[in-house]
Amino acid sequence: MHQPQVCIIGAGSSGITVAQVLASRGVAFDCFEAGSGIGGNWRYGNDNEMSSAYESLHINTSRQMMEYAAYPMPESLPDYPDHRQIAQYFDDYVDHFGLRDTITFRTEVTRVAPVGNGYEVTVRSRDGGEPETRRYREVVVANGHHWDPRWPEPSFPGADSFPGTQLHAHYYRTPEPLVDKRVLVLGIGNSACDIAVESSRVARSTDLAMRRGAHILPKYMFGIPTDRLTDSPLVKAPLKVQQTVMAGLLRLSLGKVTDYGLPEPDHAVLHAHPTVSQDLLSRLGHGDITVRPTIDRFEGSKVFFADGSSGEYDVVVYCTGYKVTFPFLGDEVVRAEDNHVELYRRVVHPDHPGLYFVGLIQPLGAIMPLAEAQAEWIGDLVTAAGRLPSVREMRAQIASYDQALRKRFVASKRHTMEVDFHAYRSEIARERKESRKRARR
Ligand SMILES: Cc1cc2nc3c(=O)[nH]c(=O)nc-3n(C[C@H](O)[C@H](O)[C@H](O)COP(=O)(O)OP(=O)(O)OC[C@H]3O[C@@H](n4cnc5c(N)ncnc54)[C@H](O)[C@@H]3O)c2cc1C
Ligand SMILES: NC(=O)c1ccc[n+]([C@@H]2O[C@H](COP(=O)([O-])OP(=O)(O)OC[C@H]3O[C@@H](n4cnc5c(N)ncnc54)[C@H](OP(=O)(O)O)[C@@H]3O)[C@@H](O)[C@H]2O)c1
């Protein structure tokens, strides 16, 4: 092997697919992983202390949507495997491609600084020793974006003096702390639904508060995983047609969310990151979860809601999402203010040649096959088989993506990097073609 020219930060599902692609092309790289195993978020109790996985977590995108093209998931796995099966799949992937020895575990990247036509990367072993700085031509950031909890900002008035427990979904592991308690869950994303459902089975009472309604997608429709049902020629149809079909299917199979006591969503289906739950509506229908509007303020153990109603609680679980954070990049290099990072096709930093981001997307679908497609494109760029357009063209694409995002998705810090699964995969395939043409020219 030659002196590594590429540094990969992280060996979660995004980092390992970059490692696989680069290895297949004979590109020498270093991959640093803060924890002692691969799989990032999917390694329950990961000693990187960054995983948000809870004991009962299963994927909410079906197995067939989530698998890498280069290494399909075994047929023996269920449609929606649990975190252990998913972590095992990533372990098997790494061993199948012989990548384990290319990853330096328990080693954290603490600083990345652009220097000349490359980067200085400082790493520190978690087992002690002096930090070490190495030079690379390219850096691939795959540090994940669901590990830095976003608490309500500013916090709700009176929250500081709430005598009970307040925790963020990131720290939730098992339902034990909720047993026989009066629980309030805030949010209507996937964490909120999973935790409210789990709470409703063990808590004395469970209330679910939200500042807007949501369309709830079941995991199955007509016995078929929902994302496979929509994985048809329909994905090539205009958004309006996709929305009409999805709204029709939901109406036909579930009725309206308001039938279950949820507020009417203030947006059309596919205009927000999908909330997927097979159980929420049923728990609501059984009266085991009570819906509330968002929190207004706390007074002791009492919480007042936006409609003036109130309740007393022992535990409040904030399922209020995550911040995009790059602790190793200075603000002058990349700022992720309000989760907003300007990247050409969600991968390339236009001002820092050789700085790539993988998995920094929120797909309506799974991240892994898209991270794999991004990795193949990066493989082209790193080996000079592909070439980027001008900075001006990259900036224009970023501006038009941002504009389309703002037009379509509910204004929220969680909607700064949404992509349609199939459309984005085609976009990267087209970009690779163009990029190779540019290289040939
Ligand atoms: C509860 C939950 C459920 C989810 N369910 C799904 C799902 O069903 N389907 C789906 O597609 N997505 C899901 N997601 C989204 C999730 O982001 C992806 O599944 C996936 O974990 C992304 O992989 P990643 O490699 O980009 O990030 P991560 O899995 O977070 O991995 C990042 C890796 O980088 C390492 N790292 C970070 N910083 C450093 C550093 N400075 N130095 C060295 N190493 C570092 C970490 O230790 C970690 O191993 C879920 C997210 C959450 C929170
Ligand atoms: N596999 C699974 O089953 C599973 C389980 C959990 C999570 N996940 C994934 O993990 C990622 C994170 O999901 P998440 O549910 O943790 O976060 P999320 O999708 O960002 O949702 C956050 C929720 O909190 C609300 N919120 C944020 N700040 C608030 C505030 N100050 N006051 C009131 N409400 C506030 C948001 O409302 P607005 O929309 O109004 O901003 C939204 O409803 C997603 O990609 C999700 O799909 C998957």
Side-chain angles (χ1 to χ4, degrees), residues 8-18 31-43 46-54 56-62 65-66 80-81 83 86 90 104-112 121 123-124 126 141-147 149-156 168-170 172 186-195 209-212 214 219 266-267 272-277 293-295 306 318-322 325-329 339 357-363 365-371 409-415 421:
I8 304 170
I9 304 173
S13 55
S14 299
I16 58 175
T17 185
V18 179
C31 176
F32 297 108
E33 167 52 51
S36 42
I38 59 121
N41 184 56
W42 291 96
R43 216 177 160 82
N46 197 329
D47 65 359
N48 66 356
E49 281 152 32
M50 296 166 88
S51 168
S52 304
Y54 32 89
S56 63
L57 180 67
H58 290 67
I59 59 172
N60 64 2
T61 45
S62 72
M65 277 290 269
M66 199 187 198
Y80 293 101
H83 58 80
I86 294 297
F90 294 143
T104 312
F105 292 99
R106 294 193 57 73
T107 303
E108 198 180 333
V109 171
T110 55
R111 181 176 157 270
V112 174
V121 174
V123 298
R124 190 184 52 206
R126 287 190 156 186
V141 178
N143 70 326
H145 58 97
H146 289 130
W147 56 267
R150 179 183 291 284
W151 297 81
E153 290 160 352
S155 60
F156 295 108
H168 189 280
H170 171 67
Y172 177 82
L186 179 65
I188 186 71
N190 290 302
S191 298
C193 291
D194 273 4
I195 294 171
M210 64 207 71
R211 63 182 174 189
R212 71 177 88 242
K219 281 190 160 173
D266 59 3
H267 53 278
H273 188 70
T275 300
V276 182
S277 177
T294 195
I295 298 173
Y318 294 99
C319 301
T320 42
Y322 292 86
T325 312
F326 311 109
F328 42 83
L329 283 170
N339 283 3
F357 294 77
V358 173
L360 195 55
I361 42 178
Q362 276 289 93
I367 293 183
M368 296 73 195
L370 300 183
F409 287 95
V410 167
S412 164
K413 286 169 189 151
R414 70 187 185 126
H415 292 145
F421 183 89

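What's counted below: heavy atoms across the whole structure, side chains too, no hydrogens, waters or symmetry copies. Starting from 1, each residue takes its place in the sequence as its number. Both counts, for ligands and for their atoms, begin at 1 and track the order of listing.
- The part of Ile59 lying near ligand 2 is the backbone, judged by heavy-atom distances below 4.0 Å.
- Counting atoms of ligand 2 from 1 in the listed order, those under 4.0 Å from a heavy atom of Arg212 are 38 (P), 39 (O), 40 (O).
- Of the candidates Arg414, Arg211, His415, Arg150, the one placing a heavy atom closest to atom 28 (N) of ligand 2 is Arg211.
- Here the shortest heavy-atom distance to atom 20 (C) of ligand 1, taken over Gly321, Ser13, Ser52, belongs to Ser13.
- When Tyr172, Trp42, Phe326, Tyr322 are checked for heavy-atom proximity to atom 13 (C) of ligand 1, Trp42 turns out nearest.
- Of all atoms in ligand 1, listed by their number and element, those nearer than 4.0 Å to a heavy atom of Met50 are 37 (C), 38 (N), 46 (C), 47 (O).
- Distances shorter than 4.0 angstrom do not occur between any heavy atom of Trp151 and any atom of ligand 2.
- For the ring pair (Phe, Tyr, Trp, His ring centres under 6.0 Å) test, no residue two or more places apart in sequence or in another chain qualifies with Phe32.
- Numbered from 1 in the order shown, with element, the atoms of ligand 1 that lie under 4.0 Å from a heavy atom of Ile59 read 8 (O).
- Judged by the shortest distance from any of its heavy atoms, Leu57 lies inside the 4.0 Å radius around the atoms of ligand 2.
- Atoms of ligand 1 found under 4.0 Å from any heavy atom of Asn48, numbered from 1 in the order shown, are 46 (C), 47 (O), 48 (C), 49 (O).
- Below 3.5 Å of separation, one finds an N or O of Asn41 facing an N or O of ligand 1.
- Contacts of Tyr80 classified as side-chain hydrogen bond (donor to acceptor under 3.5 Å, both in side chains), with partners at least two apart in sequence or in another chain: none.
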